[in-house]
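Chain letters run A, B, ... following the sequence lines, proteins first, then strands; residues in each count from 1.
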Amino acid sequence: MTDALPVGERRQLAPPVTESGAFGWARKNLFSSWANGITTVVLVAAIAWIASWFVGWAILDANVTASTGSECRGHGACWALILEKYRLIFFGTFPYDEQWRPLLAIVSMLAMLILTCDRRMWNARLILIWSIGSFVTFLLMFGQITLPLSLFLFVALAVGGLGMILRAGIARPAELNGWRALAAIGAIGLVLRLTGTLPAWGLEIAPFSYVETGLWGGLPVTIILATYGLAFAFPYGILLALGRRSNLPLIKGLCVGFIELIRGVPLISLLIMASVMLPLFLPQGMSFDKFLRAQVAVILFAGAYIAETIRGGLQSLPKGQFEAADAMGLNYAQKTLLIVLPQALRVVIPPLINTFIGFFKDTSLVLIIGIFDFLNTANQALVDPAWAGYPGEVYLFAAFVYFIFCYSMGRYSKYLEVELNKGTRR
Amino acid sequence: MAVQKLAGAAPIITMRGVNKWFGQFHVLSDINLEVRQSEKIVVCGPSGSGKSTLIRCINRLEEHQKGDIIVDGVTLSNDVKHIEAIRREVGMVFQSFNLFPHLTVLDNLTLAPIWVKKMPKKDADEFAMALLKRVRIPEQALKYPGQLSGGQQQRVAIARALCMRPKVMLFDEPTSALDPEMVKEVLDVMVELAREGMTMLVVTHEMGFARAVADRVIFMDQGEIVEQNEPEEFFANPRNERTRTFLGQILHHH
């Protein structure tokens, strides 16, 4: 008798060898039948052949030392071109001696984005991170920034107002009065500024030489357009999605109209409209920066798409969630912020990040209105007659850089899905 | 007997001539009902009789089109302030629990006290833990609803409603979505709550519960209150033919 198990315990046998380990896996997945086995062999051979050709071209035979394009002839990949032109590709026509500034701006934005990805930062700290990150980025890019008085007044109004709302009923009267005073100073100041009673004063911060947006180019342009495009389009899209489900016919109609209008138009035409037609409608002498106009067009466009994605999440919530929140006496804002959005956004993380990735790449369409984003500066590198004839290397390099960003976003999406659903799995 | 005992107390819920339509369908017709403080009422009836709609009108999850509903002195109208005032006084437990899956059990309980009543978090946590002890699952406080059994989830839902210290509790078929072996643990909690003097309106088919705690059983059919009586009388001598048919159907296999 070998069955001397304690009462109530079941004997667990190990699975047969053919079902486990590397051998078992290969047998089950690669060679389960003759047809399967042949397919495996053919595909492995094809992959090996392509890979060996690519390694030979891109690494073994590559030329990294040539000083003109003609020296590259007869070799593999001409990476010397990238080494020669990388500053043009990354920073475009930004003044050559000052190009450490866009480099640091990229670092600043990446730091800001990476911190934003951390869930522990999803609170008031986020406002601080973005304020500092944005300030540093634009100070580096412009070189000089003037903070107008109205900005300070607006911040006072916003902070005071938020304090009044968030601390209502919790804080002592003295503290509440403080918030009220701050909001009042902001509001009164803004009114006085608008009526012209207060002078157009501004705090000037000018550590570097001024570089206008027309000279910006390359990777910082792509990252700025994508980052701020999506950072503004995201809350805007949430508002549109909520508005589309509103009970008020007017708000609902406006949101539906906007979304359908924007979705029915290609981004390129929107960019052209922003760049060519908008100035025609503005009064004489008034003009917006071309870069800003492109940025606004991207925000409007992305907002409509994000709104539709989020609407899917809102619709996936069971009715009972809304009813439970109602029955507890939560008001609309509380219900939306505490119950509805946290659940709806969780559901749409994969399609949402998909939209983000799409828009990161779509920013390259701004080349149509003469803004030099990363892909466009890469194009510029091909113009030099001394290096003619190597578009493959440049586009491969550009593709590689885009891939790093898009793949990171994809991985982050995966991580976020797992992280947010921790413990809530049914 | 129970009805006489409570006759002197002031009504906490009054429904006068309440009518409601879903499109053309007349789902509630001329409902008149007074609920006194501490009274326990069981509402039963065939499906589609309007019993759920009746209690859902009390906290405005459904809007009635005619008649008056007065809860604790506040008349229900389209005024959001009135609706929110009433919802603060009325707790509700749903058939499908409707816990918030993205929040822990404890956060489910403290959400409304903190945001609606502006209670400090520490006090809300303490009170929530006390309630979780009362429904006998304090050890689950930091888990998510999805990790609990149906019976445990429904007990959390009861505790969540109690967290607002409501004057009235509405139960909309609280045991209908539960596996049979979990019905008792939820009913036990409800019986205890009834013994402590909570005013309760319960839509249920659990006639054992009705016999044990109800002061009054109401039978509804086709949007009307057909018959109401104290439980012994109601079950022993149903007066209306429709009541007899219904009781015959549901008590058949008990």
Under 6.0 Å from the [atom1] atom of [X], do we count more than 12 heavy atoms belonging to anything else shown?
X        : atom1 : result
A:Tyr407 : OH    : no
A:Phe154 : CZ    : no
B:Arg165 : CZ    : no
A:Phe232 : CZ    : no
B:Arg16  : CZ    : no

Whether B:His102 side chain and A:Leu420 backbone form a donor-acceptor pair below 3.5 Å: no
From [atom1] ([X]) to [atom2] ([Y]), nearest 0.5 Å:
X        : Y        : atom1 : atom2 : value
B:Asn98  : A:Ile339 : CG    : CD1   : 11.0 Å
B:Leu111 : A:Leu330 : CG    : CG    : 5.5 Å
A:Met328 : B:Trp115 : CE    : CH2   : 12.5 Å

Which atoms of [X] come close to chain A, meaning under 4.5 Å heavy atom to heavy atom: side chain ones, backbone ones, both, or neither?
X        : value
B:Phe94  : side chain
B:Asp172 : neither
B:Val80  : neither

Is B:Arg56 close to A:Glu323 at the side-chain level, that is, under 4.5 Å between some pair of heavy atoms? yes
Using non-hydrogen atoms and a 4.5 Å limit, figure out which bit of A:Gln321 sits close to chain B: side chain, backbone, both or neither. both
A:Ala327 versus B:Met92, closest heavy-atom pair with distance: CB-CB, 4.1 Å
Answer key: most heavy-atom pairs under 4.5 Å with chain A among B:Met119, B:Arg160, B:Arg88 is B:Arg160
